[in-house]
Participant: 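Questions regarding the structure given below will be posed in turn.
Just the heavy atoms: all of them, side chains too, but no hydrogens, waters or symmetry mates, feed the values below.
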Amino acid sequence: MPRILKQSEFLAGDFDHTGLNVHVRPDRRATAAIAFVHGLGGDGYSTWGMWPELVFEQSATEPLDVILFRYASFHKAWRTRKSGADLPFVAAQLADWIRSLTEEHGYTDIYFVAHSLGGLVVESAVQQYLTQLGTGAPQVTAIAAIFVLAAPRLGAGLALGAFRQLIPEIEWLRNKSPQLLAAESFFSSRVESLGTAASAGYREFLIPRYSAMAGGDRVVSKMSGLFGVPEQQRLRLNGNHRTIVKPDRMNQEQHLRLLRIVKQSGDIRRAWRRQSHHTEKFRVRPGSHPPILVTELRSDDINVTWEQAYNRAVSLASSDEVSVSDCRNSTVTSSRRETDILVCIHAVENIMNRDERCEAVIRETFAQHQRQHGLMLLIVVIGAAHERARDVVQSWLPDPPYRSLSIEGVASPGEFSDLLVAWAGVMIDRDPVRWPRSTSGLSFGTEGSDLV
């Protein structure tokens with residue numbers, strides 16, 4: 001059993017043989033926790049400075065317990081007459097603790113914060129934990145996210161020559177070591193690292209990965225420290241290899257980034273759970289041919305993120321009673337069905353710059369809407385300044401009122417996906433004869449809300 005420290009104020013405690021201290025408040029029961037894992041020669045507490053205390057005292061997110069994991073490495077392992085840490089054992093031990101913390105202590109969301117070599121230990125432990133879950137494991141597990149700081153994911157420059165004889169941990173740190181390659185292969189093929197709701201369903205598991213590097217780091221190169229992490233989830237900071245994990249104020253960027261990760265993960269994990277529930281509940285059965293609602297996506301400049309959000313919405317809006325399909329789907333093309341919902345999406349920047357291609361696409365889709373009876377036209381502007389961009393779109397069209405036309409603004413691809421799901425539900429409920437379903441009047445999000 002880990003050592004449980006019930007505290008009203010954060011105070012460091014001695015570690016026992018388990019190497020795991022769990023800080024909890026006596027007056028609350030948290031289901032989320034931040035787990036700190038230090039690097040080579042580090043310490044369970046001193047590596048992090050005030051950071052665990054800042055997390056324990058914060059009130060910007062849901063209540064968070066704080067977990068500190070300690071293992072003897074480098075010179076600290078020499079004190080026990082060992083030449084260094086047995087890292088495979090340490091990673092397996094951490095994997096066991098993950099299972100214990102979820103099954104016995106009830107944590108549903110564990111966020112790992114790992115420094116340097118600790119990042120490699122965490123990824124190895126998570127790989128073992130997910131593998132042990134076996135077939136049929138949920139896509140959304142208790143591992144909510146991994147935030148590594150100065151972690152040498154391609155190896156570290158110090159992992160050279162004679163050091164390997166003195167410090168066996170360096171075998172993990174050398175360039176493209178078997179441990180590094182195995183972890184990266186596992187995460188790149190089976191784990192979704194992108195922290196957006198629109199990415200739901202593309203991998204076996206959802207564990208967004210974030211990284212941070214310091215400009216003055218002389219131990220780990222920028223390429224090694226940021227490798228394998230999506231660009232929008234990378235953080236570049238001032239400082240060096242040690243100071244990057246020692247924020248001493250609530251408003252320092254690495255602490256703020258951690259709190260944003262916690263806040264955003266809830267929406268992302270709920271979207272994945274909805275997708276998983278949807279796939280199981282509304283699995284297409286052989287021989288069934290539900291009525292089809294046809295959608296179509298147009299833009300002056302479609303990018304892959306928009307396309308993914310669109311595809312996700314089409315999937316989520318479908319059921320065993322009504323199939324929502326893109327006009328390019330072979331089932332639709334073979335039946336020569338007309339489009340029911342025409343989605344015209346554009347970036348705020350293009351609209352605000354009054355791009356000629358953008359205006360031409362919007363006018364063309366509006367003309368089709370006027371010609372085709374029953375066509376729903378959804379014009380979507382995406383970006384931070386979408387309110388002003390909607391006014392520009394309105395200026396390109398005749399004055400309202402409109403028939404089955406809506407000009408919408410969203411800030412992100414995830415919001416676009418949710419918007420399209422909602423409008424597909426409106427269309428289906430509008431004509432229950434054409435698209436009959438027993439749950440008429442309830443969108444999928446409403447039906448499944450008790451599961452998220």
Side-chain angles (χ1 to χ4, degrees), residues 1-26 28-53 55-56 63-133 141-148 151 168-169 172 179 207 245:
M1 293 288 291
R3 187 179 182 207
I4 306 297
L5 302 173
K6 294 185 178 181
Q7 302 174 330
S8 297
E9 296 182 356
F10 186 88
L11 294 172
D14 294 331
F15 287 97
D16 61 16
H17 67 282
T18 65
L20 198 74
N21 282 0
V22 181
H23 293 257
V24 304
R25 290 188 179 274
R28 75 182 185 200
R29 171 85 175 172
T31 59
I34 307 296
F36 291 89
V37 181
H38 64 78
L40 181 67
D43 177 74
Y45 287 97
S46 62
T47 289
W48 307 102
M50 292 182 61
W51 203 355
E53 179 180 354
V55 171
F56 195 70
L64 295 169
D65 290 345
V66 172
I67 300 171
L68 284 303
F69 180 64
R70 187 196 67 175
Y71 58 98
S73 64
F74 194 25
H75 61 284
K76 295 186 177 180
W78 299 346
R79 298 173 186 172
T80 58
R81 298 183 180 180
K82 294 181 180 179
S83 60
D86 182 350
L87 292 182
F89 177 83
V90 171
Q93 182 186 31
L94 184 55
D96 291 341
W97 282 129
I98 295 172
R99 188 163 49 254
S100 173
L101 291 166
T102 57
E103 295 177 359
E104 300 175 20
H105 296 274
Y107 288 113
T108 59
D109 303 273
I110 299 175
Y111 301 84
F112 277 104
V113 177
H115 178 229
S116 193
L117 175 65
L120 310 186
V121 172
V122 166
E123 290 192 348
S124 178
V126 170
Q127 178 182 351
Q128 293 182 51
Y129 169 73
L130 296 178
T131 302
Q132 291 165 6
L133 289 178
T141 69
I143 312 300
I146 298 173
F147 184 20
V148 296
E169 297 97 331
W172 279 41
Q179 294 81 8
I207 304 178
V245 292

Participant: Kindly write out the residues that satisfy salt bridge (Lys or Arg N to Asp or Glu O under 4.0 Å) with Arg99, not counting sequence neighbours, or none if the list is empty.
Facilitator: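 Partners of Arg99 by the salt bridge (Lys or Arg N to Asp or Glu O under 4.0 Å) criterion, ordered by chain and then number, come out as Asp96.
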Participant: Can you tell me which residue pairs pass the ring pair (Phe, Tyr, Trp, His ring centres under 6.0 Å) test with a partner in residues 30-50, sequence neighbours excluded?
Facilitator: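 Sorted pair list: Phe15-Tyr45, His23-Tyr45, Phe36-Trp48, Phe36-Trp51, His38-Tyr71.
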Participant: Could you go through residues 111-120 and list every donor-acceptor pair under 3.5 Å that involves a side-chain atom there, pairing it with any protein atom two or more places apart or in another chain?
Facilitator:
{"unit_1": "Tyr111", "atom_1": "OH", "unit_2": "Ser265", "atom_2": "OG", "d": "2.5"}
{"unit_1": "His115", "atom_1": "NE2", "unit_2": "His241", "atom_2": "O", "d": "2.8"}
{"unit_1": "Ser116", "atom_1": "OG", "unit_2": "His241", "atom_2": "NE2", "d": "3.2"}

Participant: Find the distance between CZ (Arg25) and NZ (Lys6) and round it off to the nearest 0.5 Å.
Facilitator: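 Spacing of CZ (Arg25) from NZ (Lys6) equals 14.0 Å.
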Participant: Which heavy atom in Gly42 sits nearest to a heavy atom in Thr47, and how many Å separate them?
Facilitator: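 Scanning both residues, the minimum pair turns out to be CA-OG1, 3.4 Å.
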Participant: Output the distance between atom CG (Asp16) and atom CZ (Arg70), rounded to the nearest 0.5 Å.
Facilitator: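 Reported value, rounded in 0.5 Å steps: 8.5 Å.
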Participant: Is the shortest side-chain heavy-atom distance between His105 and Ile4 below 4.5 Å?
Facilitator: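 When only atoms from C-beta onward are counted, Ile4 and His105 do touch, with a gap below 4.5 Å.
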Participant: Minimum heavy-atom separation for Pro2 to Val22, with atom names?
Facilitator: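 Heavy-atom minimum between the residues: CB-CG2, 4.0 Å.
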Participant: Looking at Leu64, is its backbone amide N or carbonyl O close enough to the side chain of Arg28 to form a donor-acceptor pair, meaning the two atoms are under 3.5 Å apart?
Facilitator: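 Present.
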Participant: Closest heavy-atom contact between Leu5 and Gly13?
Facilitator: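 Scanning both residues completely, I find the closest heavy atoms to be CD1-CA, 4.1 Å.
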Participant: Check step by step if side chain to side chain contact (heavy atoms under 4.5 Å, CB included) holds for Trp97 and Thr18.
Facilitator: CA-CA 9 Å; Trp97 282 129; Thr18 65; 3.5 Å; yes
Participant: When rounded to the nearest 0.5 angstrom, what is the spacing between CZ in Phe56 and OG in Ser8?
Facilitator: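 Reported to 0.5 Å precision, the distance equals 7.5 Å.
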Participant: Give me the atom names and distance for the closest heavy-atom approach of Pro26 to Gln7.
Facilitator: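 Closest approach of Pro26 to Gln7: CD-O, 3.3 Å.
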Participant: Would you check, one step at a time, whether the test side chain to side chain contact (heavy atoms under 4.5 Å, CB included) holds for Asp14 with Arg3?
Facilitator: CA-CA 9 Å; Asp14 294 331; Arg3 187 179 182 207; 3.9 Å; yes
Participant: Measuring from Leu101:CG to Ile110:CD1, what's the distance to the nearest 0.5 Å?
Facilitator: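 These two atoms lie 5.0 Å from each other.
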Participant: Specify the closest pair of heavy atoms between Ala91 and Val121, including all atoms of both residues, with the distance to one decimal.
Facilitator: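 Where Ala91 meets Val121 most closely, the heavy atoms are CB-O, 4.0 Å.
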Participant: So how far is it from Asp65 CG to Asp109 CG, rounded to the nearest 0.5 Å?
Facilitator: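 Rounded to the nearest 0.5 Å, the CG-CG separation comes out at 12.0 Å.
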Participant: Measuring from Ile143:CD1 to Ile98:CD1, what's the distance to the nearest 0.5 Å?
Facilitator: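 Those atoms lie 4.0 Å apart.
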Participant: Under the side chain to side chain contact (heavy atoms under 4.5 Å, CB included) rule, what do Ile146 and Val122 come out as? Steps first, then yes or no, please.
Facilitator: CA-CA 8 Å; Ile146 298 173; Val122 166; 4.2 Å; yes
Participant: Hey, are the side chains of Val90 and Phe69 touching, using non-hydrogen atoms and a 4.5 Å cut-off?
Facilitator: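 Side-chain contact under 4.5 Å: yes.
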